[in-house]
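Quick note on labels: first sequence line is chain A, next is B, and so on, each numbered from 1.
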There are 2 protein chains.
Amino acid sequence: MTETITQSIQDYLKHIYELNENGGSASTNDIAARLNIAPASVTGMLQKLSNAKPPLVIYKKHQGVTLTKNGEKAALEVIRHHRLLESFLVNTLGYSWDEVHLEADKLEHVISEDFEARMAEALGHPTRDPHGELIPTADLTMPLDKSRPLASLRTDETATVKRVSDDDPALLRHLHEIGVIPEVKVTVKNYSEFDGNITLQVAGRKSNVVLGTVITNQVFIEK
Amino acid sequence: MTETITQSIQDYLKHIYELNENGGSASTNDIAARLNIAPASVTGMLQKLSNAKPPLVIYKKHQGVTLTKNGEKAALEVIRHHRLLESFLVNTLGYSWDEVHLEADKLEHVISEDFEARMAEALGHPTRDPHGELIPTADLTMPLDKSRPLASLRTDETATVKRVSDDDPALLRHLHEIGVIPEVKVTVKNYSEFDGNITLQVAGRKSNVVLGTVITNQVFIEK
DNA sequence: AAAGTATTTTAGTCTTGCCTAAATTTTTTG
DNA sequence: CAAAAAATTTAGGCAAGACTAAAATACTTT
(Lines give C-alpha, C1' and ligand atoms only; values in the text may rest on other atoms or scores of the structure.)
Protein backbone atom coordinates (compact mmCIF):
# COMPACT_ATOMS: atom_id res chain seq x y z
CA MET A 1 0.00 0.00 0.00
CA THR A 2 1.53 3.28 -1.12
CA GLU A 3 2.08 5.88 1.58
CA THR A 4 -0.25 8.85 1.58
CA ILE A 5 1.77 11.98 0.93
CA THR A 6 0.34 14.49 3.36
CA GLN A 7 0.87 18.23 3.26
CA SER A 8 3.39 17.93 6.01
CA ILE A 9 5.35 15.27 4.13
CA GLN A 10 5.30 17.41 1.00
CA ASP A 11 6.89 20.20 3.00
CA TYR A 12 9.61 17.94 4.31
CA LEU A 13 10.39 16.61 0.85
CA LYS A 14 10.43 20.05 -0.71
CA HIS A 15 12.89 21.39 1.83
CA ILE A 16 15.06 18.30 1.73
CA TYR A 17 15.22 18.69 -2.03
CA GLU A 18 16.39 22.27 -1.70
CA LEU A 19 18.94 21.39 0.94
CA ASN A 20 20.24 18.55 -1.22
CA GLU A 21 20.71 20.99 -4.08
CA ASN A 22 23.35 22.87 -2.15
CA GLY A 23 25.44 20.57 0.01
CA GLY A 24 24.94 16.83 -0.22
CA SER A 25 22.64 15.44 2.45
CA ALA A 26 20.24 17.46 4.55
CA SER A 27 20.81 17.55 8.29
CA THR A 28 18.14 17.17 10.92
CA ASN A 29 18.86 20.62 12.24
CA ASP A 30 18.70 22.36 8.88
CA ILE A 31 15.38 20.76 8.11
CA ALA A 32 14.05 21.71 11.52
CA ALA A 33 15.18 25.31 11.04
CA ARG A 34 13.48 25.57 7.65
CA LEU A 35 10.26 24.03 8.81
CA ASN A 36 10.31 25.91 12.07
CA ILE A 37 9.83 22.83 14.18
CA ALA A 38 11.90 21.06 16.82
CA PRO A 39 14.77 18.82 15.63
CA ALA A 40 13.34 15.90 17.58
CA SER A 41 10.18 16.10 15.49
CA VAL A 42 12.23 15.93 12.33
CA THR A 43 13.98 12.76 13.43
CA GLY A 44 10.63 11.09 13.89
CA MET A 45 9.43 12.06 10.46
CA LEU A 46 12.66 11.02 8.76
CA GLN A 47 12.35 7.58 10.30
CA LYS A 48 8.83 7.36 9.03
CA LEU A 49 9.71 8.52 5.52
CA SER A 50 12.62 6.10 5.21
CA ASN A 51 10.48 3.19 6.37
CA ALA A 52 7.64 4.04 4.02
CA LYS A 53 7.04 1.66 1.15
CA PRO A 54 8.32 2.74 -1.18
CA PRO A 55 10.85 4.76 0.85
CA LEU A 56 10.84 8.48 0.13
CA VAL A 57 14.22 9.25 1.71
CA ILE A 58 17.49 7.51 2.45
CA TYR A 59 18.35 8.05 6.05
CA LYS A 60 21.23 6.88 8.20
CA LYS A 61 21.31 7.96 11.82
CA HIS A 62 23.40 11.06 12.42
CA GLN A 63 24.28 11.36 8.76
CA GLY A 64 21.53 13.43 7.28
CA VAL A 65 19.07 12.47 4.62
CA THR A 66 18.74 12.29 0.82
CA LEU A 67 15.71 11.83 -1.39
CA THR A 68 14.99 8.60 -3.23
CA LYS A 69 13.72 8.74 -6.81
CA ASN A 70 10.19 8.56 -5.44
CA GLY A 71 10.85 11.26 -2.91
CA GLU A 72 12.36 13.47 -5.55
CA LYS A 73 9.39 13.10 -7.86
CA ALA A 74 7.07 14.08 -5.04
CA ALA A 75 9.27 17.06 -4.20
CA LEU A 76 9.42 18.24 -7.80
CA GLU A 77 5.68 17.98 -8.08
CA VAL A 78 5.28 20.40 -5.18
CA ILE A 79 7.99 22.70 -6.47
CA ARG A 80 6.36 22.76 -9.89
CA HIS A 81 3.08 23.68 -8.28
CA HIS A 82 4.73 26.41 -6.27
CA ARG A 83 6.53 28.05 -9.15
CA LEU A 84 3.66 27.84 -11.58
CA LEU A 85 1.44 29.36 -8.92
CA GLU A 86 3.82 32.24 -8.39
CA SER A 87 3.82 32.96 -12.10
CA PHE A 88 0.08 32.62 -12.25
CA LEU A 89 -0.58 34.96 -9.34
CA VAL A 90 1.70 37.60 -10.76
CA ASN A 91 0.22 37.28 -14.23
CA THR A 92 -3.43 36.94 -13.44
CA LEU A 93 -4.07 38.70 -10.18
CA GLY A 94 -1.44 41.39 -10.30
CA TYR A 95 0.54 40.21 -7.31
CA SER A 96 4.02 41.70 -7.08
CA TRP A 97 6.93 39.30 -6.90
CA ASP A 98 7.50 39.88 -3.21
CA GLU A 99 3.92 38.96 -2.31
CA VAL A 100 3.45 35.62 -4.00
CA HIS A 101 5.60 33.36 -1.91
CA LEU A 102 3.36 32.83 1.12
CA GLU A 103 0.23 32.40 -0.94
CA ALA A 104 1.93 29.82 -3.16
CA ASP A 105 3.23 27.97 -0.11
CA LYS A 106 -0.31 27.24 0.93
CA LEU A 107 -1.84 26.61 -2.46
CA GLU A 108 0.91 24.29 -3.70
CA HIS A 109 -0.41 21.44 -1.54
CA VAL A 110 -3.98 21.77 -2.57
CA ILE A 111 -4.35 22.27 -6.29
CA SER A 112 -5.19 19.38 -8.61
CA GLU A 113 -3.13 18.13 -11.52
CA ASP A 114 -5.80 19.59 -13.72
CA PHE A 115 -5.29 23.00 -12.13
CA GLU A 116 -1.56 22.66 -12.67
CA ALA A 117 -2.03 21.79 -16.34
CA ARG A 118 -4.43 24.66 -16.91
CA MET A 119 -2.04 27.15 -15.36
CA ALA A 120 0.87 25.90 -17.44
CA GLU A 121 -1.26 26.17 -20.55
CA ALA A 122 -2.56 29.64 -19.72
CA LEU A 123 0.97 30.86 -19.03
CA GLY A 124 2.39 29.34 -22.21
CA HIS A 125 4.42 26.66 -20.42
CA PRO A 126 6.95 28.97 -18.79
CA THR A 127 10.37 27.64 -17.79
CA ARG A 128 11.02 30.10 -14.97
CA ASP A 129 8.92 31.69 -12.26
CA PRO A 130 8.85 35.45 -11.54
CA HIS A 131 12.06 35.22 -9.52
CA GLY A 132 13.72 33.36 -12.35
CA GLU A 133 13.71 30.01 -10.61
CA LEU A 134 13.48 27.06 -12.97
CA ILE A 135 10.14 25.30 -13.08
CA PRO A 136 10.31 21.49 -13.11
CA THR A 137 8.86 20.12 -16.34
CA ALA A 138 5.49 18.39 -16.54
CA ASP A 139 7.23 15.00 -16.40
CA LEU A 140 9.00 16.11 -13.23
CA THR A 141 12.51 16.71 -14.35
CA MET A 142 14.42 19.71 -13.06
CA PRO A 143 16.14 21.62 -15.87
CA LEU A 144 19.83 22.24 -15.38
CA ASP A 145 20.65 25.58 -13.81
CA LYS A 146 23.79 27.10 -15.26
CA SER A 147 23.65 30.35 -13.33
CA ARG A 148 26.14 31.40 -10.67
CA PRO A 149 26.16 34.13 -8.01
CA LEU A 150 26.60 37.70 -9.09
CA ALA A 151 29.25 37.75 -6.35
CA SER A 152 31.51 35.69 -8.61
CA LEU A 153 31.71 38.38 -11.32
CA ARG A 154 34.70 40.70 -11.52
CA THR A 155 35.36 44.15 -12.93
CA ASP A 156 34.31 44.65 -16.56
CA GLU A 157 32.43 41.39 -16.80
CA THR A 158 28.92 41.54 -18.26
CA ALA A 159 26.14 39.04 -17.68
CA THR A 160 22.38 38.54 -17.63
CA VAL A 161 20.47 38.27 -14.37
CA LYS A 162 18.70 34.93 -14.35
CA ARG A 163 17.44 34.36 -10.88
CA VAL A 164 16.97 36.00 -7.50
CA SER A 165 16.50 34.35 -4.13
CA ASP A 166 12.85 34.64 -3.22
CA ASP A 167 12.67 34.26 0.52
CA ASP A 168 13.15 37.86 1.62
CA PRO A 169 10.34 40.14 0.42
CA ALA A 170 12.23 43.26 1.49
CA LEU A 171 15.22 42.27 -0.60
CA LEU A 172 12.92 41.54 -3.54
CA ARG A 173 11.36 44.98 -3.31
CA HIS A 174 14.79 46.56 -3.20
CA LEU A 175 16.06 44.62 -6.19
CA HIS A 176 12.97 45.56 -8.12
CA GLU A 177 13.59 49.18 -7.31
CA ILE A 178 17.14 49.16 -8.62
CA GLY A 179 16.12 47.14 -11.69
CA VAL A 180 17.94 43.93 -10.84
CA ILE A 181 15.38 41.48 -12.19
CA PRO A 182 15.59 38.38 -14.42
CA GLU A 183 16.75 38.88 -18.01
CA VAL A 184 18.29 42.27 -17.30
CA LYS A 185 21.87 42.85 -18.49
CA VAL A 186 24.38 44.02 -15.90
CA THR A 187 28.03 45.01 -15.98
CA VAL A 188 30.45 45.05 -13.07
CA LYS A 189 32.16 48.44 -13.02
CA ASN A 190 34.19 47.70 -9.92
CA TYR A 191 34.93 44.86 -7.53
CA SER A 192 36.35 45.63 -4.10
CA GLU A 193 38.92 43.16 -2.83
CA PHE A 194 38.29 44.22 0.75
CA ASP A 195 34.59 43.88 1.34
CA GLY A 196 33.52 42.12 -1.86
CA ASN A 197 31.29 45.04 -2.80
CA ILE A 198 30.33 45.15 -6.45
CA THR A 199 29.57 48.36 -8.30
CA LEU A 200 27.00 47.43 -10.87
CA GLN A 201 25.72 49.06 -14.01
CA VAL A 202 22.19 47.96 -14.72
CA ALA A 203 20.99 48.17 -18.34
CA GLY A 204 18.55 51.04 -18.78
CA ARG A 205 19.49 52.75 -15.53
CA LYS A 206 21.36 56.00 -15.28
CA SER A 207 23.34 55.59 -12.08
CA ASN A 208 25.30 52.57 -10.90
CA VAL A 209 24.59 50.78 -7.64
CA VAL A 210 26.97 49.33 -5.07
CA LEU A 211 25.94 45.96 -3.72
CA GLY A 212 27.38 44.08 -0.73
CA THR A 213 27.94 40.33 -0.66
CA VAL A 214 24.73 39.71 1.24
CA ILE A 215 22.95 40.80 -1.90
CA THR A 216 25.35 39.61 -4.58
CA ASN A 217 25.17 36.08 -3.23
CA GLN A 218 21.41 36.05 -3.66
CA VAL A 219 21.42 37.18 -7.26
CA PHE A 220 22.36 34.66 -9.95
CA ILE A 221 23.59 35.42 -13.44
CA GLU A 222 24.67 33.77 -16.67
CA LYS A 223 27.24 35.19 -19.04
CA MET B 1 -8.29 33.54 23.55
CA THR B 2 -10.16 33.15 20.29
CA GLU B 3 -10.57 29.65 18.95
CA THR B 4 -8.52 28.73 15.90
CA ILE B 5 -10.88 28.01 13.03
CA THR B 6 -9.36 24.95 11.39
CA GLN B 7 -10.21 23.62 7.96
CA SER B 8 -12.30 20.96 9.53
CA ILE B 9 -14.25 23.50 11.56
CA GLN B 10 -14.81 25.60 8.45
CA ASP B 11 -16.34 22.58 6.77
CA TYR B 12 -18.67 21.97 9.69
CA LEU B 13 -19.78 25.59 9.77
CA LYS B 14 -20.32 25.75 6.03
CA HIS B 15 -22.52 22.69 6.01
CA ILE B 16 -24.41 23.72 9.12
CA TYR B 17 -25.11 27.05 7.42
CA GLU B 18 -26.51 25.32 4.39
CA LEU B 19 -28.63 22.96 6.47
CA ASN B 20 -29.93 25.89 8.49
CA GLU B 21 -30.96 27.60 5.27
CA ASN B 22 -33.51 24.89 4.55
CA GLY B 23 -35.06 23.54 7.71
CA GLY B 24 -34.28 25.19 11.04
CA SER B 25 -31.56 23.42 12.99
CA ALA B 26 -29.08 20.93 11.54
CA SER B 27 -29.20 17.39 12.87
CA THR B 28 -26.15 15.36 13.83
CA ASN B 29 -27.02 12.78 11.20
CA ASP B 30 -27.43 15.26 8.36
CA ILE B 31 -24.12 16.88 9.15
CA ALA B 32 -22.44 13.48 9.32
CA ALA B 33 -23.91 12.51 5.96
CA ARG B 34 -22.73 15.70 4.29
CA LEU B 35 -19.25 15.51 5.71
CA ASN B 36 -19.02 11.78 5.14
CA ILE B 37 -18.03 11.02 8.69
CA ALA B 38 -19.56 9.04 11.55
CA PRO B 39 -22.35 10.70 13.58
CA ALA B 40 -20.42 10.10 16.78
CA SER B 41 -17.60 12.24 15.45
CA VAL B 42 -20.03 15.05 14.74
CA THR B 43 -21.35 15.04 18.28
CA GLY B 44 -17.83 15.53 19.56
CA MET B 45 -17.18 18.47 17.28
CA LEU B 46 -20.52 20.11 18.06
CA GLN B 47 -19.71 20.01 21.76
CA LYS B 48 -16.39 21.57 21.06
CA LEU B 49 -17.83 24.31 18.85
CA SER B 50 -20.51 25.21 21.34
CA ASN B 51 -17.98 25.41 24.17
CA ALA B 52 -15.57 27.53 22.19
CA LYS B 53 -15.14 31.11 23.30
CA PRO B 54 -16.81 32.76 21.62
CA PRO B 55 -19.23 29.91 20.81
CA LEU B 56 -19.65 29.21 17.12
CA VAL B 57 -22.83 27.16 17.39
CA ILE B 58 -25.80 26.82 19.66
CA TYR B 59 -26.21 23.21 20.55
CA LYS B 60 -28.67 21.39 22.78
CA LYS B 61 -28.36 17.62 23.09
CA HIS B 62 -30.63 15.74 20.72
CA GLN B 63 -31.98 18.94 19.21
CA GLY B 64 -29.61 19.77 16.44
CA VAL B 65 -27.51 22.83 16.03
CA THR B 66 -27.65 26.44 14.82
CA LEU B 67 -24.93 28.94 14.07
CA THR B 68 -24.18 31.90 16.34
CA LYS B 69 -23.41 35.26 14.74
CA ASN B 70 -19.73 34.40 14.96
CA GLY B 71 -20.27 30.98 13.45
CA GLU B 72 -22.31 32.49 10.65
CA LYS B 73 -19.63 35.03 9.79
CA ALA B 74 -17.05 32.27 9.61
CA ALA B 75 -19.37 30.20 7.43
CA LEU B 76 -20.08 33.09 5.07
CA GLU B 77 -16.39 33.77 4.75
CA VAL B 78 -15.82 30.22 3.48
CA ILE B 79 -18.85 30.34 1.23
CA ARG B 80 -17.70 33.64 -0.24
CA HIS B 81 -14.32 32.09 -0.92
CA HIS B 82 -15.92 29.09 -2.54
CA ARG B 83 -18.20 31.00 -4.84
CA LEU B 84 -15.65 33.57 -5.87
CA LEU B 85 -13.25 30.74 -6.61
CA GLU B 86 -15.79 29.00 -8.80
CA SER B 87 -16.30 32.17 -10.78
CA PHE B 88 -12.60 32.76 -11.00
CA LEU B 89 -11.77 29.27 -12.20
CA VAL B 90 -14.42 29.43 -14.89
CA ASN B 91 -13.37 32.89 -15.98
CA THR B 92 -9.64 32.60 -15.85
CA LEU B 93 -8.74 28.98 -16.42
CA GLY B 94 -11.58 27.87 -18.63
CA TYR B 95 -13.07 25.38 -16.22
CA SER B 96 -16.60 24.33 -17.11
CA TRP B 97 -19.26 24.78 -14.48
CA ASP B 98 -19.41 21.09 -13.61
CA GLU B 99 -15.69 20.90 -12.87
CA VAL B 100 -15.17 23.74 -10.43
CA HIS B 101 -16.83 22.41 -7.33
CA LEU B 102 -14.19 20.01 -6.04
CA GLU B 103 -11.33 22.35 -6.76
CA ALA B 104 -13.06 25.20 -4.95
CA ASP B 105 -13.80 22.93 -1.98
CA LYS B 106 -10.11 22.54 -1.37
CA LEU B 107 -8.98 26.05 -2.18
CA GLU B 108 -11.65 27.80 -0.14
CA HIS B 109 -9.83 26.97 3.11
CA VAL B 110 -6.45 28.10 2.00
CA ILE B 111 -6.61 31.40 0.16
CA SER B 112 -5.81 34.67 1.93
CA GLU B 113 -8.09 37.64 2.30
CA ASP B 114 -5.87 39.39 -0.17
CA PHE B 115 -6.46 36.63 -2.71
CA GLU B 116 -10.18 36.93 -2.10
CA ALA B 117 -10.09 40.69 -2.65
CA ARG B 118 -8.04 40.38 -5.81
CA MET B 119 -10.41 37.83 -7.28
CA ALA B 120 -13.44 39.96 -6.48
CA GLU B 121 -11.76 42.92 -8.10
CA ALA B 122 -10.66 40.99 -11.20
CA LEU B 123 -14.17 39.61 -11.62
CA GLY B 124 -15.85 42.98 -11.18
CA HIS B 125 -17.40 42.13 -7.81
CA PRO B 126 -19.89 39.56 -9.05
CA THR B 127 -23.05 38.83 -7.07
CA ARG B 128 -23.53 35.27 -8.26
CA ASP B 129 -21.25 32.34 -9.04
CA PRO B 130 -21.41 30.31 -12.28
CA HIS B 131 -24.32 28.25 -10.97
CA GLY B 132 -26.16 31.41 -10.03
CA GLU B 133 -25.64 31.01 -6.30
CA LEU B 134 -25.44 34.27 -4.44
CA ILE B 135 -22.03 35.33 -3.25
CA PRO B 136 -21.88 36.74 0.29
CA THR B 137 -20.74 40.35 0.24
CA ALA B 138 -17.28 41.45 1.37
CA ASP B 139 -18.71 42.41 4.76
CA LEU B 140 -20.15 38.91 5.08
CA THR B 141 -23.82 39.43 4.55
CA MET B 142 -25.79 36.97 2.47
CA PRO B 143 -28.00 38.74 -0.08
CA LEU B 144 -31.65 37.76 -0.05
CA ASP B 145 -32.52 35.00 -2.49
CA LYS B 146 -35.93 35.55 -4.07
CA SER B 147 -35.83 32.60 -6.43
CA ARG B 148 -38.07 29.54 -6.20
CA PRO B 149 -37.98 26.09 -7.78
CA LEU B 150 -38.84 25.76 -11.45
CA ALA B 151 -41.14 22.99 -10.23
CA SER B 152 -43.47 25.65 -8.85
CA LEU B 153 -44.21 27.18 -12.27
CA ARG B 154 -47.40 26.30 -14.17
CA THR B 155 -48.49 26.31 -17.80
CA ASP B 156 -47.91 29.61 -19.66
CA GLU B 157 -45.80 31.14 -16.92
CA THR B 158 -42.53 32.73 -17.97
CA ALA B 159 -39.50 33.31 -15.75
CA THR B 160 -35.74 33.75 -15.71
CA VAL B 161 -33.44 30.97 -14.52
CA LYS B 162 -31.44 32.30 -11.61
CA ARG B 163 -29.72 29.38 -10.02
CA VAL B 164 -28.99 25.70 -10.40
CA SER B 165 -27.98 23.20 -7.75
CA ASP B 166 -24.28 22.55 -8.13
CA ASP B 167 -23.63 19.24 -6.48
CA ASP B 168 -24.25 16.87 -9.40
CA PRO B 169 -21.81 17.40 -12.27
CA ALA B 170 -23.80 15.12 -14.57
CA LEU B 171 -26.93 17.18 -14.03
CA LEU B 172 -24.95 20.35 -14.66
CA ARG B 173 -23.65 19.04 -17.96
CA HIS B 174 -27.15 18.09 -18.99
CA LEU B 175 -28.60 21.45 -18.08
CA HIS B 176 -25.86 23.17 -19.99
CA GLU B 177 -26.65 21.06 -23.00
CA ILE B 178 -30.31 22.00 -23.03
CA GLY B 179 -29.52 25.65 -22.34
CA VAL B 180 -30.95 25.87 -18.86
CA ILE B 181 -28.40 28.21 -17.35
CA PRO B 182 -28.61 31.36 -15.22
CA GLU B 183 -30.21 34.44 -16.80
CA VAL B 184 -31.95 32.43 -19.53
CA LYS B 185 -35.68 33.05 -20.06
CA VAL B 186 -37.94 30.02 -19.97
CA THR B 187 -41.64 29.44 -20.50
CA VAL B 188 -43.69 26.52 -19.24
CA LYS B 189 -45.65 25.10 -22.17
CA ASN B 190 -47.21 22.33 -20.17
CA TYR B 191 -47.46 21.07 -16.60
CA SER B 192 -48.51 17.50 -15.95
CA GLU B 193 -50.76 17.01 -12.93
CA PHE B 194 -49.78 13.35 -12.73
CA ASP B 195 -46.02 13.20 -12.64
CA GLY B 196 -45.19 16.88 -12.24
CA ASN B 197 -43.31 16.92 -15.55
CA ILE B 198 -42.80 20.34 -17.04
CA THR B 199 -42.53 20.97 -20.75
CA LEU B 200 -40.19 23.90 -21.10
CA GLN B 201 -39.44 26.33 -23.84
CA VAL B 202 -35.92 27.69 -23.48
CA ALA B 203 -35.19 31.07 -25.08
CA GLY B 204 -33.04 30.65 -28.17
CA ARG B 205 -33.76 26.93 -28.53
CA LYS B 206 -35.86 25.39 -31.25
CA SER B 207 -37.37 22.38 -29.51
CA ASN B 208 -38.96 22.21 -26.09
CA VAL B 209 -37.70 19.89 -23.34
CA VAL B 210 -39.65 17.83 -20.83
CA LEU B 211 -38.20 17.87 -17.35
CA GLY B 212 -39.13 15.67 -14.37
CA THR B 213 -39.37 16.89 -10.81
CA VAL B 214 -35.93 15.62 -9.91
CA ILE B 215 -34.62 18.29 -12.23
CA THR B 216 -37.21 21.02 -11.79
CA ASN B 217 -36.58 21.04 -8.05
CA GLN B 218 -32.92 21.76 -8.60
CA VAL B 219 -33.44 24.70 -10.91
CA PHE B 220 -34.49 28.01 -9.40
CA ILE B 221 -36.19 30.88 -11.19
CA GLU B 222 -37.51 34.38 -10.65
CA LYS B 223 -40.45 35.85 -12.51
C1' DA C 1 -48.95 3.80 26.52
C1' DA C 2 -45.77 0.19 25.40
C1' DA C 3 -42.75 -1.62 22.11
C1' DG C 4 -39.89 -1.17 18.51
C1' DT C 5 -37.05 1.73 15.61
C1' DA C 6 -34.20 5.49 14.62
C1' DT C 7 -31.21 8.98 16.24
C1' DT C 8 -27.86 10.67 19.17
C1' DT C 9 -24.45 10.47 22.73
C1' DT C 10 -20.78 8.29 25.64
C1' DA C 11 -16.70 5.79 26.23
C1' DG C 12 -12.67 4.26 24.77
C1' DT C 13 -9.07 3.98 20.61
C1' DC C 14 -6.18 5.28 16.90
C1' DT C 15 -3.16 8.12 13.81
C1' DT C 16 -0.76 12.24 12.60
C1' DG C 17 2.38 15.46 13.72
C1' DC C 18 3.99 18.16 16.83
C1' DC C 19 6.42 19.11 21.76
C1' DT C 20 10.02 18.85 25.89
C1' DA C 21 13.51 16.72 28.58
C1' DA C 22 17.05 13.65 28.86
C1' DA C 23 20.38 10.53 26.77
C1' DT C 24 23.53 9.61 23.27
C1' DT C 25 26.62 10.39 19.47
C1' DT C 26 29.59 13.23 16.77
C1' DT C 27 32.50 17.10 16.16
C1' DT C 28 35.49 20.59 17.70
C1' DT C 29 39.00 22.42 20.36
C1' DG C 30 42.53 23.38 23.87
C1' DC D 1 43.43 13.02 22.58
C1' DA D 2 40.42 14.11 26.15
C1' DA D 3 37.01 17.42 27.42
C1' DA D 4 33.60 20.57 26.01
C1' DA D 5 30.20 21.83 22.71
C1' DA D 6 27.03 20.85 19.21
C1' DA D 7 23.95 17.89 16.88
C1' DT D 8 20.93 14.13 16.99
C1' DT D 9 18.03 10.62 18.83
C1' DT D 10 15.07 8.39 22.36
C1' DA D 11 11.30 8.46 25.46
C1' DG D 12 7.20 10.03 26.92
C1' DG D 13 3.26 13.34 26.05
C1' DC D 14 -0.37 16.09 23.98
C1' DA D 15 -4.14 17.90 20.83
C1' DA D 16 -6.98 17.34 16.79
C1' DG D 17 -10.09 14.81 14.58
C1' DA D 18 -11.47 10.77 13.12
C1' DC D 19 -13.42 5.65 14.38
C1' DT D 20 -16.34 1.61 16.62
C1' DA D 21 -19.28 -0.42 19.97
C1' DA D 22 -22.47 0.16 23.35
C1' DA D 23 -25.71 3.00 26.00
C1' DA D 24 -29.17 6.40 26.20
C1' DT D 25 -32.77 9.19 24.42
C1' DA D 26 -36.46 10.41 21.26
C1' DC D 27 -39.81 9.29 17.88
C1' DT D 28 -43.47 6.15 15.77
C1' DT D 29 -46.74 3.03 15.54
C1' DT D 30 -50.00 0.08 16.86
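Taking the ring axis of Tyr95(A) as reference, the NZ or CZ atom of Arg118(B) stays within 45° of it and closer than 6.0 Å to the ring centre.
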Derivation and outcome, side chain to side chain donor-acceptor pair (under 3.5 Å), residues Ser8(A) and Asp11(A):
CA-CA 5 Å; Ser8(A) 172; Asp11(A) 271 333; over 6 Å; no
Audit row: Phe220(B), Val164(B), side-chain contact (heavy atoms from CB on, under 4.5 Å) steps and yes/no:
CA-CA 6 Å; Phe220(B) 298 82; Val164(B) 153; over 6 Å; no
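Judged as a ring-ring contact (aromatic ring centres under 6.0 Å, His included), and not counting sequence neighbours, His15(A) has no contacts. Taking His109(A) as the reference, nothing meets the ring-ring contact (aromatic ring centres under 6.0 Å, His included) condition, with sequence neighbours excluded. For His81(A), the ring-ring contact (aromatic ring centres under 6.0 Å, His included) criterion is met by no residue, not counting sequence neighbours.
Side-chain polar atoms of Ser112(B) and Asp114(B) form no donor-acceptor pair below 3.5 angstrom. A donor-acceptor contact under 3.5 angstrom links the side chains of Asp139(B) and Thr137(B), judged on distance only.
To the nearest 0.5 Å, the span separating CG on Leu150(A) from NZ on Lys162(A) amounts to 14.5 Å.
Glu99(A) contributes a side-chain N or O that, together with a main-chain N or O of Ser96(A), makes up a donor-acceptor pair within less than 3.5 Å.
Straight-line distance from the CD1 atom of Ile5(A) to the P atom of dG17(C): 12 Å, rounded to whole Å. Distance Ile31(B) CD1 to dA18(D) P: 12 Å, rounded to the nearest Å. Atom CG of Leu49(A) and atom P of dT9(D) are 13 Å apart (whole Å). Nucleotide dT9(C) holds its P atom 15 Å from the CE atom of Met45(B), rounded to whole Å. One atom, CD of Gln47(A), and another, P of dT8(D), lie 13 Å apart when rounded to the nearest Å. Taking atom NZ of residue Lys60(A) and atom P of nucleotide dT26(C), one finds them 13 Å apart after rounding to whole Å.
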Between protein and nucleic acid, restricted to nucleotides 22-28 of chain D and to nitrogen or oxygen atoms under 3.5 Å apart, what atom pairs and distances do you find?
none

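Residue Tyr59(B) has a polar side-chain atom (N or O) positioned under 4.0 Å from OP1 or OP2 of dT9(C). Regarding contacts with the backbone of dA6(D), every side-chain N or O of Asn29(A) stays at 4.0 angstrom or more from both OP1 and OP2.
Taking every heavy atom of residues 6-17 of chain B and every atom of DNA chain C, no pair lies under 4.0 Å. The stretch residues 35-43 of chain B touches DNA chain C through Pro39(B), Ala40(B), Thr43(B), each having a heavy atom under 4.0 angstrom from the strand.
When Arg80(A), His82(A), Gln7(A), Gln10(A) are each tested for a side-chain hydrogen bond (donor to acceptor under 3.5 Å, both in side chains) with Glu108(A), only one passes: His82(A).
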